[in-house]
Amino acid sequence: MPYFDTASAAPLHPVAREALLAALDEGWADPARLYREGRRARLLLDAAREAAAEAVGCRPDELVFTPSGTAALHSAVAGAMAGRRRTGRHVVVSAVEHSAVLHAAEAYDATAVGVDRTGRLSPADLAAALRPDTALACVQSANHEVGTLQPVGEAAAVCRAAGVPLLVDAAQSLAWGPAEEGWSLLAGSAHKWGGPPGVGLLAVRKGTRFAPAHPADERESGRSPGFPNLPAVVAAAASLRAVRAGAADEAARLSALVDLIRTRVPRLVPDTEVVGHATARLPHLVTFSCLYVDGEALLGGLDRAGFSVSSGSSCTSSTLTPSHVLKAMGVLSEGNIRVSLPPGTSRAEVERFLDVLPSVVAEVRAHLGAPTSPGPAPAPEPAPDEGLVVDALGKRCPIPVIELAKVIDAVPVGGTVTVLSDDEAAALDIPAWCAMRSQDYLGPQSAPRGTAYVVRRRT
């Protein structure tokens with residue numbers, strides 16, 4: 001069964017497995033002790049730190065291991081803000097950062113910088129958001145949902161000119177190479193590159209003001225309290241070195257497979273939008289959204305067909321809210337599929353995925369009663385004052401969009417359809433539908449209940 005969700009967690013690398021088993025025998029003692037077993041554990045810890053630092057591009061004494069990538073990000077934000085508390089409590093984040101960064105930033109005066117429809121941040125917008133009281137800026141190296149690479153080097157130059165440290169979440173990109181130069185703090189997560197779960201890393205450049213926000217602890221330079229999971233740390237460092245050794249060749253191979261998906265999916269599945277930057281992207285990740293499709297049903301259908309993929313659709317989330325990444329990009333959120341290929345994925349597996357996808361999407365659409373085609377485009381006389389109202393209150397997307405699609409041809413060119421919906425996803429999906437179907441979105445209006453989304457028929 002092909003596993004296409006390595007952006008969530010990569011399969012354990014064989015080198016990690018070997019290193020983990022060996023370290024369980026050799027690295028169980030306290031590395032802070034001076035007796036033989038402790039010295040042996042210290043040697044393993046130091047070697048792991050040196051290997052990880054080499055991959056990150058920092059000094060070994062600038063890097064510590066944490067219990068997870070999320071813990072590394074939380075510590076980075078809290079420590080940097082505490083270290084620069086005299087500067088102020090303002091933090092700038094991109095709107096597409098991982099939720100771990102966004103939640104950490106909620107404790108401060110946070111400004112979110114928007115992105116374009118490809119998910120890419122503008123360095124000029126970042127510069128405009130910086131203030132005299134800005135203590136920290138956060139820009140990920142690559143997005144975890146759509147794969148878009150961020151201009152870290154340019155962002156670092158902007159921050160350096162303003163005297164603001166830059167935190168880079170490099171969890172998704174470390175397997176493929178170090179982040180661009182100029183960052184002050186960097187975080188990563190081992191299970192993203194084939195290491196064991198429960199290991200993160202945090203690098204803090206020398207000269208960066210940093211004050212741990214937790215009670216004092218003598219381990220890991222005081223930046224990550226508690227006894228380290230040394231066998232897992234050793235396995236994480238060993239697997240990072242191993243994946244980097246073959247990263248260039250594997251990136252080229254997987255990028256060609258992703259190009260195949262990006263090209264073929266819109267041809268095979270009508271009313272589909274491939275999102276994320278076409279070229280400035282991770283080599284193994286592609287995301288697309290299908291109109292008139294329930295994301296959870298789509299995931300279930302692909303799972304039954306033998307493929308494990310992920311989704312940013314609100315219907316696959318316990319919060320029932322659209323992905324904040326897709327929302328910031330302003331793209332279709334429902335029927336969203338993220339495919340992230342693990343190393344070793346074959347072209348035959350990708351071809352089989354492309355073979356089964358159209359039928360799975362068609363089955364879900366048929367179950368929801370979605371239109372099978374845009375339908376004819378008659379051109380009656382314009383009648384701008386004529387319109388229809390679609391009551392989709394209490395119905396989750398994609399139902400409001402499906403109802404809109406069913407009636408748009410019932411109004412003349414220039415006429416309007418008003419969709420009443422209380423589903424937050426409709427604010428994304430109705431404008432996206434209009435862009436894909438060449439109709440005019442006139443915007444939201446207040447309503448006694450929910451929101452009224454007004455669409456004018458153009459063709």
Side-chain angles (χ1 to χ4, degrees), residues 1-13 119 142-148 172 175-176 192-194 243 246 249-279 281-313 315-316 323 325-326 331-368 370 372 398 436:
M1 179 173 178
Y3 176 79
F4 286 176
D5 193 24
T6 193
S8 293
L12 191 66
H13 195 283
N143 186 258
H144 50 291
E145 289 195 30
V146 300
T148 297
Q172 292 293 338
W176 307 106
K192 303 295 187 183
W193 66 67
V243 297
D249 291 341
E250 192 65 8
R253 197 181 67 81
L254 293 181
S255 186
L257 296 179
V258 165
D259 285 338
L260 181 66
I261 297 173
R262 292 183 66 93
T263 302
R264 294 268 296 278
V265 164
R267 298 176 184 172
L268 295 170
V269 183
D271 299 316
T272 297
E273 179 182 20
V274 179
V275 300
H277 204 285
T279 56
R281 59 170 176 79
L282 291 169
H284 68 304
L285 194 154
V286 57
T287 300
F288 54 90
S289 298
C290 308
L291 275 175
Y292 319 132
V293 171
D294 175 87
E296 186 172 5
L298 184 54
L299 289 187
L302 289 171
D303 182 47
R304 289 189 294 273
F307 292 92
S308 302
V309 297
S310 183
S311 174
S313 296
C315 53
T316 66
S323 152
V325 172
L326 302 178
V331 298
L332 182 67
S333 71
E334 291 305 318
N336 177 262
I337 291 294
R338 180 186 69 183
V339 174
S340 48
L341 307 176
T345 300
S346 67
R347 183 183 178 101
E349 290 173 319
V350 171
E351 290 282 6
R352 190 160 73 84
F353 173 77
L354 293 172
D355 286 342
V356 304
L357 178 66
S359 61
V360 173
V361 173
E363 181 181 350
V364 174
R365 285 175 171 169
H367 178 73
L368 293 174
T372 56
M436 296 173 71

**Student:** Phe288 and Val275: side chain to side chain contact (heavy atoms under 4.5 Å, CB included), yes or no, with the steps?
**Tutor:** CA-CA 5 Å; Phe288 54 90; Val275 300; 6.0 Å; no
**Student:** Ignoring hydrogens, what is the shortest heavy-atom contact between His277 and Arg262? Give both atom names and the distance.
**Tutor:** O-NH1, 3.7 Å
**Student:** Using side-chain heavy atoms (C-beta onward) and a distance below 4.5 Å, is Val331 in contact with Val146?
**Tutor:** no
**Student:** Closest heavy-atom contact between Leu302 and Val360?
**Tutor:** N-CG1, 3.9 Å
**Student:** Got a second to check how far Arg347's CZ is from Leu254's CG, nearest 0.5 Å?
**Tutor:** 13.0 Å
**Student:** Does some side-chain heavy atom of Leu298 sit less than 4.5 Å from a side-chain heavy atom of Ser311?
**Tutor:** no
**Student:** Taking the side chain as C-beta and beyond, is there a heavy-atom pair between Val309 and Leu299 under 4.5 Å?
**Tutor:** yes
**Student:** Using only atom types and a distance under 3.5 Å, with no angle test, would you say the side chain of Arg338 pairs donor to acceptor with the backbone of Gly147?
**Tutor:** no
**Student:** Measure from the side-chain N and O atoms of Thr272 to the backbone N and O of Cys290, and report whether any donor-acceptor pair falls under 3.5 Å.
**Tutor:** no
**Student:** Any side-chain heavy-atom pair from Leu357 and Leu268 closer than 4.5 angstrom?
**Tutor:** no
**Student:** Quick one: list whatever passes salt bridge (charged side-chain N to carboxylate O under 4.0 Å, His left out) with Asp259, sequence neighbours left out.
**Tutor:** Arg281
**Student:** Name the orientation class of the two ring planes belonging to Phe353 and Phe307 (parallel below 30°, tilted from 30 to 60°, perpendicular beyond 60°).
**Tutor:** perpendicular
**Student:** Do Leu332 and Leu326 have side chains that get closer than 4.5 Å, going by heavy atoms?
**Tutor:** no
**Student:** So which atom in Gly194 and which in Ala10 form the shortest heavy-atom distance, rounded to 0.1 Å?
**Tutor:** N-CB, 3.5 Å
**Student:** Between Glu349 and Leu257, is there a side-chain heavy-atom distance shorter than 4.5 Å?
**Tutor:** no
**Student:** Could you check whether any side-chain N or O of Glu334 sits under 3.5 Å from a backbone N or O of Tyr292, counting only pairs where one atom can act as donor and the other as acceptor?
**Tutor:** no
**Student:** Restricting to non-hydrogen atoms, name the atom on Leu354 and the atom on Pro358 that form the minimum distance, rounded to 0.1 Å.
**Tutor:** O-CD, 3.1 Å
**Student:** Is the side chain of Lys192 donor-acceptor paired with the backbone N or O of Ser8 at a distance under 3.5 Å, no angle test?
**Tutor:** yes
**Student:** Identify the two heavy atoms, one from Trp193 and one from Ala175, that lie closest to each other, and give their separation to 0.1 Å.
**Tutor:** CB-CB, 3.7 Å
**Student:** Take atom CD in Glu363; do more than 12 heavy atoms of anything else shown fall under 6.0 Å from it?
**Tutor:** no
**Student:** List the steps, then state whether side chain to side chain contact (heavy atoms under 4.5 Å, CB included) holds for Val265 with Ile337.
**Tutor:** CA-CA 11 Å; Val265 164; Ile337 291 294; over 6 Å; no
**Student:** When you look at Leu285 and Val258, which way does the side chain to side chain contact (heavy atoms under 4.5 Å, CB included) test go after all the steps?
**Tutor:** CA-CA 7 Å; Leu285 194 154; Val258 165; 6.0 Å; no
**Student:** Give a yes or no answer on whether the side chain of Arg253 reaches the backbone of Thr345 with a donor-acceptor pair at less than 3.5 Å.
**Tutor:** yes
**Student:** Please confirm whether the backbone N or O of Glu145 pairs with a side-chain atom of Thr287, one donor and one acceptor, at under 3.5 Å?
**Tutor:** yes
**Student:** Taking Ser289 for the side chain and Glu273 for the main chain, is one N or O donor matched with an acceptor at less than 3.5 Å?
**Tutor:** no
**Student:** Evaluate the side-chain proximity of His367 to Asp294: yes if any heavy-atom separation is below 4.5 Å, no if none is.
**Tutor:** no
**Student:** Rounded to the nearest 0.5 Å, what separates atom OG in Ser308 from atom CG in Asp5?
**Tutor:** 7.5 Å
**Student:** Would you please test Val269 and Arg365 for side chain to side chain contact (heavy atoms under 4.5 Å, CB included) and show each step?
**Tutor:** CA-CA 11 Å; Val269 183; Arg365 285 175 171 169; 4.1 Å; yes
**Student:** For a quick test of reading the model, state the closest non-hydrogen atom pair linking Gln172 to Ala142 and the distance between them.
**Tutor:** CB-O, 4.1 Å
**Student:** Would you say the side chain of Leu341 lies within less than 4.5 Å of the side chain of Thr6, judging by non-hydrogen atoms?
**Tutor:** no
